[in-house]
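One structure is given here, and the rest of the page talks about it.
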Amino acid sequence: MTVRIYDSKQQAVVDLQPLKAGEVSMYVCGPTVQSSPHIGHVRSAVAHDLWRRWLAYRGNRVTFVRNVTDIDDKVLVNAVDEPWWALAYRIELEFTAAYRAVGVLAPTYEPRATASVTEMHALIALLIERGHAYPALDGSADVYFDVRSWEQYGALTRQSIDKMEPAADADPRGKRDPRDFALWKASKDGEPESASWESPWGAGRPGWHIECSAMSRKYLGDAFDIHGGGLDLRFPHHENELAQSAAAGLGFASVWSHNGLVNVNGEKMSKSLGNSIFAADLLSTVRPIVVRYLLAASHYRSTIDLRTEGGSLEGGSLTEAEAAFGRIEAMLERARRVGELPETDVPDAFGAAMDDDLSTPQAVAVLHDTTRAANAALDAGDSGAALALAGEALAMLRALGLDPADAVWHSGMSASSGAPQSAALTSLVETLLAERREARAAKDFAASDRIRDALAAAGILVEDGKQTTTWSIA
RNA sequence: GGUGGGGUGGCCGAGUGGUGAGGCAACGGCCUGCAAAGCCGUGUACGCGGGUUCGAAUCCCGUCUCCACCUCCA
(Lines give C-alpha, C1' and ligand atoms only; values in the text may rest on other atoms or scores of the structure.)
Protein backbone atom coordinates (compact mmCIF):
# COMPACT_ATOMS: atom_id res chain seq x y z
CA MET A 1 0.00 0.00 0.00
CA THR A 2 1.23 3.41 -0.94
CA VAL A 3 1.73 6.27 1.42
CA ARG A 4 0.90 9.61 -0.11
CA ILE A 5 2.62 12.82 0.91
CA TYR A 6 2.30 16.47 0.00
CA ASP A 7 5.36 17.72 -1.80
CA SER A 8 5.81 21.45 -1.32
CA LYS A 9 7.82 21.71 -4.50
CA GLN A 10 5.23 20.13 -6.76
CA GLN A 11 2.42 21.58 -4.64
CA ALA A 12 0.58 18.29 -4.83
CA VAL A 13 0.03 15.11 -2.91
CA VAL A 14 2.21 12.43 -4.49
CA ASP A 15 2.89 8.73 -3.97
CA LEU A 16 5.94 8.33 -1.83
CA GLN A 17 8.35 6.25 -3.88
CA PRO A 18 11.47 5.62 -1.81
CA LEU A 19 14.76 5.49 -3.68
CA LYS A 20 15.28 2.07 -2.12
CA ALA A 21 12.18 -0.01 -1.62
CA GLY A 22 11.43 -0.53 2.04
CA GLU A 23 13.80 2.20 3.19
CA VAL A 24 13.02 5.87 3.72
CA SER A 25 15.62 8.55 4.37
CA MET A 26 14.46 11.75 6.04
CA TYR A 27 16.39 14.92 6.74
CA VAL A 28 14.64 17.41 8.99
CA CYS A 29 15.93 20.87 9.75
CA GLY A 30 16.47 21.11 13.47
CA PRO A 31 16.85 24.26 15.50
CA THR A 32 19.48 26.93 15.58
CA VAL A 33 20.36 26.61 19.24
CA GLN A 34 20.29 30.28 20.10
CA SER A 35 17.30 30.52 22.47
CA SER A 36 14.87 28.28 24.32
CA PRO A 37 12.45 26.03 22.43
CA HIS A 38 8.84 27.16 22.02
CA ILE A 39 5.70 25.33 20.99
CA GLY A 40 6.46 25.91 17.33
CA HIS A 41 9.65 23.90 17.58
CA VAL A 42 7.79 21.19 19.44
CA ARG A 43 5.09 21.12 16.79
CA SER A 44 7.61 20.72 14.01
CA ALA A 45 9.36 17.89 15.82
CA VAL A 46 6.09 16.08 16.52
CA ALA A 47 4.89 16.48 12.94
CA HIS A 48 7.98 14.81 11.54
CA ASP A 49 7.97 12.23 14.31
CA LEU A 50 4.44 11.27 13.28
CA TRP A 51 5.65 10.82 9.73
CA ARG A 52 8.59 8.77 10.83
CA ARG A 53 6.47 6.48 13.01
CA TRP A 54 3.85 6.01 10.34
CA LEU A 55 6.39 5.18 7.64
CA ALA A 56 7.92 2.67 10.04
CA TYR A 57 4.47 1.26 10.84
CA ARG A 58 4.03 0.66 7.12
CA GLY A 59 7.14 -1.49 7.16
CA ASN A 60 9.84 0.94 6.09
CA ARG A 61 13.23 1.18 7.67
CA VAL A 62 13.47 4.90 8.36
CA THR A 63 16.77 6.72 8.65
CA PHE A 64 15.95 9.99 10.33
CA VAL A 65 18.53 12.76 10.52
CA ARG A 66 17.81 16.03 12.27
CA ASN A 67 20.60 18.55 12.54
CA VAL A 68 21.58 21.02 15.21
CA THR A 69 22.79 24.38 13.95
CA ASP A 70 25.28 25.24 16.63
CA ILE A 71 27.14 28.05 14.91
CA ASP A 72 25.35 31.08 13.56
CA ASP A 73 25.25 34.87 13.91
CA LYS A 74 22.61 34.71 16.62
CA VAL A 75 24.42 32.09 18.63
CA LEU A 76 27.40 34.44 18.75
CA VAL A 77 25.23 37.47 19.57
CA ASN A 78 23.24 35.75 22.31
CA ALA A 79 26.30 34.37 24.09
CA VAL A 80 26.90 37.35 26.34
CA ASP A 81 28.24 35.91 29.57
CA GLU A 82 29.31 32.47 28.41
CA PRO A 83 31.22 31.05 25.44
CA TRP A 84 29.08 30.63 22.32
CA TRP A 85 29.62 26.88 22.38
CA ALA A 86 28.37 26.69 25.98
CA LEU A 87 25.21 28.56 25.01
CA ALA A 88 24.70 26.34 22.00
CA TYR A 89 25.04 23.16 24.01
CA ARG A 90 22.90 24.42 26.90
CA ILE A 91 20.11 25.28 24.50
CA GLU A 92 20.56 22.02 22.62
CA LEU A 93 19.91 20.17 25.87
CA GLU A 94 16.72 22.17 26.37
CA PHE A 95 15.56 21.11 22.93
CA THR A 96 16.41 17.50 23.61
CA ALA A 97 14.43 17.62 26.86
CA ALA A 98 11.41 19.20 25.17
CA TYR A 99 11.44 16.68 22.32
CA ARG A 100 11.76 13.78 24.72
CA ALA A 101 8.97 15.10 26.89
CA VAL A 102 6.44 14.94 24.06
CA GLY A 103 7.52 11.50 22.95
CA VAL A 104 9.59 12.44 19.91
CA LEU A 105 11.89 9.54 19.11
CA ALA A 106 15.60 10.27 19.10
CA PRO A 107 16.85 10.72 15.53
CA THR A 108 18.92 8.01 13.94
CA TYR A 109 21.62 10.66 14.06
CA GLU A 110 21.74 14.28 15.11
CA PRO A 111 24.72 16.00 13.51
CA ARG A 112 26.01 19.39 14.62
CA ALA A 113 27.01 21.88 11.96
CA THR A 114 30.40 22.48 13.54
CA ALA A 115 31.30 18.82 13.02
CA SER A 116 30.83 18.97 9.26
CA VAL A 117 32.89 21.98 8.21
CA THR A 118 35.13 19.78 6.10
CA GLU A 119 32.16 18.51 4.11
CA MET A 120 30.93 22.06 3.65
CA HIS A 121 34.29 23.07 2.22
CA ALA A 122 34.11 20.22 -0.26
CA LEU A 123 30.67 21.31 -1.39
CA ILE A 124 31.67 24.96 -1.70
CA ALA A 125 34.74 23.99 -3.72
CA LEU A 126 32.57 21.90 -5.98
CA LEU A 127 30.19 24.82 -6.51
CA ILE A 128 33.07 27.17 -7.37
CA GLU A 129 34.48 24.60 -9.77
CA ARG A 130 31.12 24.24 -11.49
CA GLY A 131 30.75 28.00 -11.82
CA HIS A 132 27.94 28.52 -9.36
CA ALA A 133 29.87 30.16 -6.54
CA TYR A 134 32.66 32.69 -6.23
CA PRO A 135 34.89 34.26 -3.57
CA ALA A 136 33.73 37.76 -2.66
CA LEU A 137 34.71 40.48 -5.07
CA ASP A 138 35.90 42.71 -2.23
CA GLY A 139 38.73 40.38 -1.25
CA SER A 140 37.18 39.21 2.02
CA ALA A 141 36.99 35.51 2.73
CA ASP A 142 33.24 35.48 1.99
CA VAL A 143 32.07 33.02 -0.64
CA TYR A 144 28.73 33.53 -2.35
CA PHE A 145 26.37 31.39 -4.31
CA ASP A 146 25.75 32.94 -7.73
CA VAL A 147 21.96 32.88 -8.14
CA ARG A 148 22.14 34.17 -11.72
CA SER A 149 24.21 31.16 -12.69
CA TRP A 150 21.45 28.76 -11.67
CA GLU A 151 18.39 29.33 -13.77
CA GLN A 152 16.21 27.13 -11.64
CA TYR A 153 16.74 29.39 -8.63
CA GLY A 154 13.32 30.01 -7.08
CA ALA A 155 11.91 26.64 -8.15
CA LEU A 156 10.91 25.57 -4.68
CA THR A 157 8.85 28.65 -3.86
CA ARG A 158 7.96 29.60 -7.43
CA GLN A 159 9.48 32.99 -7.32
CA SER A 160 11.42 34.76 -9.97
CA ILE A 161 14.71 36.32 -9.04
CA ASP A 162 13.77 39.68 -10.43
CA LYS A 163 10.88 40.04 -8.03
CA MET A 164 12.85 39.10 -4.95
CA GLU A 165 14.21 41.51 -2.45
CA PRO A 166 17.99 41.60 -2.00
CA ALA A 167 19.69 39.50 0.64
CA ALA A 168 21.13 41.27 3.63
CA ASP A 169 23.36 38.62 5.12
CA ALA A 170 26.63 40.12 4.00
CA ASP A 171 28.14 43.23 2.57
CA PRO A 172 26.52 43.65 -0.86
CA ARG A 173 29.67 45.23 -2.23
CA GLY A 174 31.27 41.82 -2.48
CA LYS A 175 28.41 40.33 -4.48
CA ARG A 176 27.71 39.97 -8.15
CA ASP A 177 23.99 40.14 -7.48
CA PRO A 178 22.32 41.44 -4.33
CA ARG A 179 20.35 38.17 -4.06
CA ASP A 180 23.50 36.05 -3.87
CA PHE A 181 23.76 34.42 -0.47
CA ALA A 182 26.75 33.48 1.65
CA LEU A 183 28.17 29.97 1.63
CA TRP A 184 31.15 30.98 3.75
CA LYS A 185 31.39 34.01 5.99
CA ALA A 186 34.72 35.62 6.71
CA SER A 187 35.70 35.99 10.36
CA LYS A 188 35.26 39.52 11.61
CA ASP A 189 37.12 41.49 14.22
CA GLY A 190 35.88 40.81 17.70
CA GLU A 191 34.52 37.37 16.93
CA PRO A 192 35.92 34.58 19.07
CA GLU A 193 38.79 32.53 17.72
CA SER A 194 36.85 29.37 18.51
CA ALA A 195 34.18 30.40 16.01
CA SER A 196 36.60 30.57 13.14
CA TRP A 197 37.70 27.79 10.83
CA GLU A 198 40.47 27.79 8.25
CA SER A 199 39.32 27.40 4.68
CA PRO A 200 40.80 27.67 1.18
CA TRP A 201 39.20 31.13 0.98
CA GLY A 202 40.33 32.38 4.36
CA ALA A 203 39.28 31.99 7.98
CA GLY A 204 35.56 32.10 8.60
CA ARG A 205 32.45 30.14 9.43
CA PRO A 206 29.61 28.49 7.55
CA GLY A 207 26.77 30.38 5.95
CA TRP A 208 23.39 29.34 7.23
CA HIS A 209 22.30 27.10 4.38
CA ILE A 210 25.36 25.15 3.35
CA GLU A 211 25.38 22.99 6.47
CA CYS A 212 22.16 21.21 5.59
CA SER A 213 23.30 20.48 2.07
CA ALA A 214 26.58 19.15 3.43
CA MET A 215 25.13 17.13 6.29
CA SER A 216 22.26 15.55 4.38
CA ARG A 217 24.82 14.45 1.79
CA LYS A 218 27.18 13.16 4.45
CA TYR A 219 24.63 11.02 6.26
CA LEU A 220 21.96 10.24 3.68
CA GLY A 221 23.84 10.46 0.40
CA ASP A 222 23.61 12.66 -2.69
CA ALA A 223 19.92 11.85 -3.01
CA PHE A 224 17.41 11.02 -0.31
CA ASP A 225 13.66 10.76 0.09
CA ILE A 226 12.17 13.46 2.30
CA HIS A 227 13.42 16.84 3.40
CA GLY A 228 11.32 18.39 6.14
CA GLY A 229 11.10 21.49 8.23
CA GLY A 230 8.84 24.33 9.29
CA LEU A 231 6.91 26.25 6.67
CA ASP A 232 8.92 29.34 7.52
CA LEU A 233 12.05 27.60 6.28
CA ARG A 234 10.81 27.25 2.72
CA PHE A 235 12.35 30.56 1.85
CA PRO A 236 15.13 31.38 1.95
CA HIS A 237 16.61 28.38 3.72
CA HIS A 238 15.27 25.50 1.70
CA GLU A 239 15.29 27.39 -1.57
CA ASN A 240 18.97 28.03 -1.06
CA GLU A 241 19.70 24.48 0.02
CA LEU A 242 18.01 23.21 -3.10
CA ALA A 243 19.95 25.61 -5.30
CA GLN A 244 23.29 24.65 -3.74
CA SER A 245 22.77 20.95 -3.85
CA ALA A 246 21.21 20.82 -7.29
CA ALA A 247 23.86 23.15 -8.74
CA ALA A 248 26.51 20.88 -7.24
CA GLY A 249 24.99 18.05 -9.24
CA LEU A 250 23.35 16.24 -6.34
CA GLY A 251 19.94 14.61 -6.58
CA PHE A 252 19.01 15.91 -3.13
CA ALA A 253 15.46 15.52 -1.76
CA SER A 254 12.69 13.77 -3.69
CA VAL A 255 9.95 15.30 -1.56
CA TRP A 256 9.81 18.54 0.43
CA SER A 257 7.56 18.43 3.46
CA HIS A 258 6.70 21.46 5.55
CA ASN A 259 4.73 21.62 8.75
CA GLY A 260 2.37 24.51 9.49
CA LEU A 261 3.10 27.12 12.11
CA VAL A 262 1.56 27.80 15.50
CA ASN A 263 -0.34 30.99 16.23
CA VAL A 264 -1.50 32.12 19.64
CA ASN A 265 -5.01 33.57 19.81
CA GLY A 266 -4.92 34.34 16.12
CA GLU A 267 -1.55 36.06 16.19
CA LYS A 268 1.82 34.90 15.08
CA MET A 269 4.14 34.18 17.97
CA SER A 270 6.85 36.78 18.15
CA LYS A 271 9.26 38.30 20.56
CA SER A 272 7.90 41.78 20.00
CA LEU A 273 4.35 40.71 20.87
CA GLY A 274 5.66 38.78 23.86
CA ASN A 275 3.19 35.99 23.20
CA SER A 276 5.59 33.12 22.71
CA ILE A 277 4.68 29.92 24.45
CA PHE A 278 7.88 28.29 25.57
CA ALA A 279 8.16 24.56 25.82
CA ALA A 280 9.18 24.65 29.47
CA ASP A 281 6.07 26.61 30.49
CA LEU A 282 3.80 24.55 28.31
CA LEU A 283 5.06 21.23 29.55
CA SER A 284 4.93 22.20 33.19
CA THR A 285 1.33 23.36 32.86
CA VAL A 286 -0.19 20.64 30.71
CA ARG A 287 0.53 16.93 30.61
CA PRO A 288 3.03 16.37 27.77
CA ILE A 289 0.94 13.54 26.33
CA VAL A 290 -1.96 15.99 25.97
CA VAL A 291 0.31 18.45 24.17
CA ARG A 292 1.22 15.69 21.75
CA TYR A 293 -2.45 14.75 21.35
CA LEU A 294 -3.34 18.35 20.58
CA LEU A 295 -0.61 18.57 17.96
CA ALA A 296 -1.49 15.21 16.44
CA ALA A 297 -5.22 16.00 16.28
CA SER A 298 -4.57 18.82 13.81
CA HIS A 299 -3.28 18.19 10.33
CA TYR A 300 0.47 18.75 10.20
CA ARG A 301 0.20 21.26 7.36
CA SER A 302 -2.47 23.47 8.86
CA THR A 303 -1.84 26.43 11.12
CA ILE A 304 -2.64 25.61 14.72
CA ASP A 305 -4.25 28.49 16.53
CA LEU A 306 -3.67 27.89 20.19
CA ARG A 307 -6.31 29.64 22.28
CA THR A 308 -5.55 30.65 25.82
CA GLU A 309 -7.85 32.07 28.47
CA GLY A 310 -6.75 35.41 29.77
CA GLY A 311 -3.13 34.64 29.09
CA SER A 312 -3.29 31.31 30.88
CA LEU A 313 -2.60 28.08 29.08
CA GLU A 314 -5.40 26.51 31.08
CA GLY A 315 -8.93 26.99 29.84
CA GLY A 316 -8.39 27.14 26.08
CA SER A 317 -7.37 24.62 23.45
CA LEU A 318 -5.27 22.66 25.89
CA THR A 319 -8.11 22.13 28.34
CA GLU A 320 -10.32 20.90 25.51
CA ALA A 321 -7.57 18.54 24.45
CA GLU A 322 -7.26 17.25 27.99
CA ALA A 323 -10.98 16.50 28.06
CA ALA A 324 -10.91 14.75 24.71
CA PHE A 325 -7.82 12.69 25.36
CA GLY A 326 -8.88 11.91 28.92
CA ARG A 327 -11.93 10.11 27.54
CA ILE A 328 -9.72 7.76 25.60
CA GLU A 329 -7.46 7.08 28.54
CA ALA A 330 -10.44 6.45 30.81
CA MET A 331 -11.84 3.93 28.34
CA LEU A 332 -8.53 2.06 28.24
CA GLU A 333 -8.50 1.87 32.03
CA ARG A 334 -12.08 0.59 32.10
CA ALA A 335 -11.23 -2.04 29.53
CA ARG A 336 -8.11 -3.14 31.35
CA ARG A 337 -10.20 -3.91 34.42
CA VAL A 338 -12.11 -6.38 32.28
CA GLY A 339 -9.14 -8.14 30.76
CA GLU A 340 -5.95 -7.90 28.79
CA LEU A 341 -6.04 -5.87 25.60
CA PRO A 342 -5.22 -7.90 22.48
CA GLU A 343 -2.42 -6.91 20.11
CA THR A 344 -4.02 -5.88 16.82
CA ASP A 345 -3.41 -3.81 13.74
CA VAL A 346 -4.94 -0.38 13.36
CA PRO A 347 -8.40 -0.31 11.72
CA ASP A 348 -8.41 0.11 7.94
CA ALA A 349 -10.11 3.49 8.14
CA PHE A 350 -7.33 4.75 10.39
CA GLY A 351 -4.65 3.37 8.10
CA ALA A 352 -6.29 4.85 5.03
CA ALA A 353 -6.44 8.27 6.67
CA MET A 354 -2.78 8.11 7.70
CA ASP A 355 -1.70 6.91 4.27
CA ASP A 356 -3.42 9.94 2.77
CA ASP A 357 -0.82 12.57 3.59
CA LEU A 358 -0.99 11.79 7.29
CA SER A 359 -4.61 12.87 7.72
CA THR A 360 -4.48 12.69 11.47
CA PRO A 361 -7.74 14.62 12.05
CA GLN A 362 -9.64 11.82 10.36
CA ALA A 363 -7.47 9.18 11.97
CA VAL A 364 -8.20 10.67 15.38
CA ALA A 365 -11.91 10.67 14.52
CA VAL A 366 -11.63 6.90 14.00
CA LEU A 367 -9.95 6.70 17.39
CA HIS A 368 -12.88 8.53 19.00
CA ASP A 369 -15.42 6.37 17.19
CA THR A 370 -13.63 3.29 18.46
CA THR A 371 -13.53 4.71 21.98
CA ARG A 372 -17.27 5.30 21.96
CA ALA A 373 -17.96 1.82 20.62
CA ALA A 374 -15.72 0.28 23.28
CA ASN A 375 -17.50 2.20 26.03
CA ALA A 376 -20.86 1.05 24.68
CA ALA A 377 -19.65 -2.55 24.69
CA LEU A 378 -18.41 -2.14 28.25
CA ASP A 379 -21.78 -0.69 29.29
CA ALA A 380 -23.47 -3.66 27.66
CA GLY A 381 -21.18 -6.10 29.44
CA ASP A 382 -19.82 -7.46 26.17
CA SER A 383 -16.22 -7.98 27.31
CA GLY A 384 -15.07 -9.68 24.11
CA ALA A 385 -16.13 -6.84 21.87
CA ALA A 386 -14.94 -4.24 24.37
CA LEU A 387 -11.46 -5.70 24.57
CA ALA A 388 -11.17 -6.06 20.82
CA LEU A 389 -12.15 -2.42 20.35
CA ALA A 390 -9.90 -1.21 23.15
CA GLY A 391 -7.06 -3.16 21.54
CA GLU A 392 -7.67 -1.34 18.27
CA ALA A 393 -7.68 1.99 20.08
CA LEU A 394 -4.37 1.10 21.68
CA ALA A 395 -2.89 0.17 18.32
CA MET A 396 -3.91 3.58 16.96
CA LEU A 397 -2.52 5.37 19.98
CA ARG A 398 0.77 3.55 19.58
CA ALA A 399 0.97 4.46 15.91
CA LEU A 400 0.57 8.09 16.95
CA GLY A 401 3.09 7.81 19.77
CA LEU A 402 0.31 8.35 22.31
CA ASP A 403 0.23 5.13 24.33
CA PRO A 404 -0.45 6.37 27.88
CA ALA A 405 1.43 3.37 29.27
CA ASP A 406 4.60 4.21 27.36
CA ALA A 407 7.56 4.76 29.65
CA VAL A 408 8.26 8.22 28.19
CA TRP A 409 5.21 9.65 29.98
CA HIS A 410 6.29 8.24 33.32
CA SER A 411 9.94 9.19 33.38
CA GLY A 412 11.39 11.68 35.81
CA MET A 413 10.74 12.08 39.47
CA SER A 414 7.12 11.17 39.97
CA ALA A 415 7.34 7.42 39.59
CA SER A 416 10.10 6.57 42.03
CA SER A 417 10.26 9.35 44.59
CA GLY A 418 6.49 9.53 44.85
CA ALA A 419 6.00 5.87 45.60
CA PRO A 420 5.80 6.01 49.41
CA GLN A 421 3.46 9.02 49.33
CA SER A 422 1.31 7.30 46.80
CA ALA A 423 1.04 4.18 48.96
CA ALA A 424 0.07 6.28 51.96
CA LEU A 425 -2.56 8.12 49.93
CA THR A 426 -4.02 4.90 48.61
CA SER A 427 -4.29 3.51 52.10
CA LEU A 428 -6.13 6.60 53.38
CA VAL A 429 -8.50 6.79 50.46
CA GLU A 430 -9.31 3.09 50.64
CA THR A 431 -10.11 3.43 54.34
CA LEU A 432 -12.48 6.29 53.69
CA LEU A 433 -14.10 4.48 50.81
CA ALA A 434 -14.64 1.42 53.02
CA GLU A 435 -16.45 3.64 55.53
CA ARG A 436 -18.49 5.12 52.73
CA ARG A 437 -19.38 1.67 51.45
CA GLU A 438 -20.80 0.79 54.86
CA ALA A 439 -22.74 4.04 55.02
CA ARG A 440 -24.22 3.40 51.58
CA ALA A 441 -25.12 -0.15 52.53
CA ALA A 442 -26.94 1.29 55.55
CA LYS A 443 -28.58 3.88 53.25
CA ASP A 444 -26.95 6.63 55.27
CA PHE A 445 -26.46 8.81 52.21
CA ALA A 446 -25.69 11.92 54.22
CA ALA A 447 -22.61 10.23 55.66
CA SER A 448 -21.74 8.76 52.27
CA ASP A 449 -21.90 12.14 50.56
CA ARG A 450 -19.89 13.75 53.36
CA ILE A 451 -17.02 11.38 52.64
CA ARG A 452 -17.26 11.91 48.89
CA ASP A 453 -17.31 15.69 49.37
CA ALA A 454 -14.32 15.56 51.68
CA LEU A 455 -12.36 13.58 49.12
CA ALA A 456 -13.50 15.94 46.37
CA ALA A 457 -12.24 18.88 48.41
CA ALA A 458 -8.86 17.14 48.49
CA GLY A 459 -8.95 16.86 44.71
CA ILE A 460 -9.99 13.21 44.61
CA LEU A 461 -12.85 12.20 42.35
CA VAL A 462 -15.00 9.29 43.53
CA GLU A 463 -17.09 7.45 40.99
CA ASP A 464 -19.55 4.64 41.72
CA GLY A 465 -19.71 1.92 39.15
CA LYS A 466 -22.19 -0.94 39.03
CA GLN A 467 -20.06 -3.23 41.18
CA THR A 468 -17.10 -1.18 42.27
CA THR A 469 -16.18 2.34 43.24
CA THR A 470 -13.14 3.95 41.63
CA TRP A 471 -11.21 7.03 42.55
CA SER A 472 -8.76 9.25 40.79
CA ILE A 473 -6.87 12.45 41.39
CA ALA A 474 -8.64 15.15 39.43
C1' G B 1 4.16 44.25 -6.40
C1' G B 2 5.35 38.62 -6.22
C1' U B 3 4.25 33.56 -4.06
C1' G B 4 1.13 30.58 -1.19
C1' G B 5 -2.91 29.25 2.42
C1' G B 6 -7.72 30.38 4.54
C1' G B 7 -13.16 32.14 5.56
C1' U B 8 -17.74 25.61 7.79
C1' G B 9 -22.91 25.46 13.43
C1' G B 10 -21.68 28.66 20.47
C1' C B 11 -16.14 27.23 19.82
C1' C B 12 -12.28 24.06 17.49
C1' G B 13 -11.78 21.27 13.21
C1' A B 14 -12.37 17.46 8.78
C1' G B 15 -14.70 17.19 4.23
C1' U B 16 -13.54 18.32 -3.87
C1' G B 17 -20.86 16.79 -6.39
C1' G B 18 -25.31 12.70 -3.65
C1' U B 19 -28.68 10.23 3.75
C1' G B 20 -24.75 16.68 8.75
C1' A B 21 -16.38 13.33 10.18
C1' G B 22 -14.69 14.00 15.01
C1' G B 23 -13.92 16.92 19.45
C1' C B 24 -15.19 20.86 23.25
C1' A B 25 -19.45 23.32 25.29
C1' A B 26 -25.00 23.18 25.87
C1' C B 27 -29.82 20.82 26.40
C1' G B 28 -33.04 16.25 26.97
C1' G B 29 -33.22 10.91 28.06
C1' C B 30 -31.22 6.12 30.09
C1' C B 31 -28.32 4.59 34.24
C1' U B 32 -27.52 6.29 39.66
C1' G B 33 -29.93 6.81 46.54
C1' C B 34 -27.95 11.56 44.51
C1' A B 35 -23.82 12.43 41.61
C1' A B 36 -19.77 11.39 38.32
C1' A B 37 -18.54 8.56 34.21
C1' G B 38 -20.63 6.14 30.12
C1' C B 39 -24.35 5.44 26.36
C1' C B 40 -28.57 7.40 23.34
C1' G B 41 -30.76 11.74 21.33
C1' U B 42 -31.06 17.16 20.04
C1' G B 43 -28.08 21.75 15.41
C1' U B 44 -32.33 24.01 9.12
C1' A B 45 -23.16 25.18 9.34
C1' C B 46 -20.57 26.11 5.01
C1' G B 47 -17.96 34.88 3.75
C1' C B 48 -21.23 37.42 -0.13
C1' G B 49 -23.62 37.56 -5.28
C1' G B 50 -24.46 35.03 -9.64
C1' G B 51 -23.99 30.44 -12.70
C1' U B 52 -23.58 24.96 -14.10
C1' U B 53 -26.33 20.50 -12.30
C1' C B 54 -31.74 16.21 -10.95
C1' G B 55 -28.46 17.56 -6.80
C1' A B 56 -23.07 22.30 -4.80
C1' A B 57 -19.53 23.37 1.45
C1' U B 58 -17.45 20.82 -2.83
C1' C B 59 -17.28 22.85 -9.93
C1' C B 60 -17.31 27.91 -12.82
C1' C B 61 -17.48 33.50 -12.81
C1' G B 62 -17.43 37.78 -9.91
C1' U B 63 -16.74 39.99 -5.14
C1' C B 64 -15.47 40.99 0.07
C1' U B 65 -12.17 39.59 3.80
C1' C B 66 -8.20 37.30 6.94
C1' C B 67 -3.33 35.23 7.22
C1' A B 68 1.67 33.64 5.97
C1' C B 69 6.26 34.12 3.20
C1' C B 70 9.38 37.43 -0.22
C1' U B 71 17.14 36.56 2.94
C1' C B 72 16.35 36.13 11.61
C1' C B 73 12.48 32.27 12.13
C1' A B 74 10.02 25.37 13.63
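Residue numbers begin at 1 in each chain, while the letters A, B, ... track the order of the sequences. Computed from a prediction, not measured in an experiment: that's the story for all the values here.
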#### Entry: Distance below 4.0 Å between A:S302 side-chain N/O and B:A14 OP1 or OP2
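Yes.
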### Message
OP1 or OP2 of B:A74 versus the side-chain N and O atoms of A:H41: is any pair under 4.0 Å?
### Response
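Yes, because at least one side-chain N or O of A:H41 sits under 4.0 Å from OP1 or OP2 of B:A74.
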### Task
Could you say whether A:P31 or A:Y6 is positioned toward the 5' end of RNA chain B, judged by the nucleotide with the nearest heavy atom to each?
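On the 5' side of the pair lies A:Y6.
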### Query
On RNA chain B, nearest-nucleotide positions of A:N263 versus A:F95: which is more 5'?
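Its nucleotide being nearer the 5' end, the pick is A:N263.
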Between [X] and [Y], is any side-chain donor less than 3.5 angstrom from a side-chain acceptor?
| X | Y | answer |
| --- | --- | --- |
| A:T157 | A:R234 | no |
| A:T63 | A:T108 | no |
| A:N263 | A:T303 | no |

Name the orientation class of the two ring planes belonging to [X] and [Y] (parallel below 30°, tilted from 30 to 60°, perpendicular beyond 60°).
| X | Y | result |
| --- | --- | --- |
| A:H237 | A:H209 | tilted |
| A:F325 | A:Y293 | tilted |
| A:W256 | A:H238 | tilted |
| A:H41 | A:F95 | perpendicular |
| A:H227 | A:F252 | tilted |

Rounded distance in Å - [atom1] ([X]) to [atom2] ([N]):
| X | N | atom1 | atom2 | result |
| --- | --- | --- | --- | --- |
| A:Q11 | B:C69 | CD | P | 17 Å |
| A:M396 | B:G22 | CE | C1' | 13 Å |
| A:F325 | B:G22 | CZ | P | 19 Å |
| A:Q362 | B:G23 | CD | P | 14 Å |
| A:E241 | B:U71 | CD | P | 17 Å |
| A:K268 | B:C72 | NZ | P | 11 Å |
| A:E320 | B:C11 | CD | C1' | 7 Å |
| A:Q159 | B:U3 | CD | C1' | 5 Å |

### Query
Can you give one letter per nucleotide of nucleotides 34-42 of chain B, 5' to 3': B if a protein heavy atom sits under 4.0 Å from the base, S if only from the sugar-phosphate, - if neither?
BBBSBSS--
Using atom [atom1] of each nucleotide, how far apart are [N] and [M] to the nearest Å?
| N | M | atom1 | answer |
| --- | --- | --- | --- |
| B:G7 | B:G13 | C1' | 13 Å |
| B:A21 | B:G5 | P | 25 Å |
| B:C27 | B:A14 | C1' | 25 Å |
| B:C54 | B:G43 | P | 31 Å |
| B:C24 | B:G38 | P | 8 Å |
| B:G28 | B:G62 | P | 50 Å |
| B:G22 | B:C30 | P | 24 Å |
| B:A36 | B:C31 | P | 15 Å |

Across all strands, who's sitting opposite [N] as a Watson-Crick or G-U wobble pair, both distances under 3.5 Å?
| N | value |
| --- | --- |
| B:U19 | none |
| B:A37 | none |
| B:C72 | none |

Base, sugar-phosphate alone, or nothing: which one does [X] contact when heavy atoms must sit under 4.0 Å apart?
| X | answer |
| --- | --- |
| A:K74 | base |
| A:G40 | base |
| A:R158 | sugar-phosphate |
| A:L233 | sugar-phosphate |
| A:H237 | nothing |

Candidate nucleotides [options], ranked by approach to the side chain of [X] - the nearest:
| X | options | answer |
| --- | --- | --- |
| A:A365 | B:A14, B:A74, B:G22 | B:G22 |
| A:P361 | B:G13, B:U71, B:U3 | B:G13 |
| A:V262 | B:C24, B:A74, B:G33 | B:A74 |
| A:F181 | B:U71, B:A68, B:A14 | B:U71 |
| A:A324 | B:G23, B:C72, B:G2 | B:G23 |
| A:A323 | B:C24, B:U71, B:A74 | B:C24 |

### Task
Kindly say whether A:R307 contributes a backbone atom to a donor-acceptor pair with the side chain of A:S317 at under 3.5 angstrom?
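A pair under 3.5 Å: yes.
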#### Entry: Any N/O donor-acceptor pair, A:Y153 side-chain to B:U71 base, under 3.5 Å
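Present.
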### Query
More than 12 non-hydrogen atoms from neighbouring residues, nucleotides or ligands closer than 6.0 Å to OH on A:Y89, yes or no?
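Atom OH in A:Y89 is not crowded, with 12 or fewer foreign heavy atoms closer than 6.0 Å.
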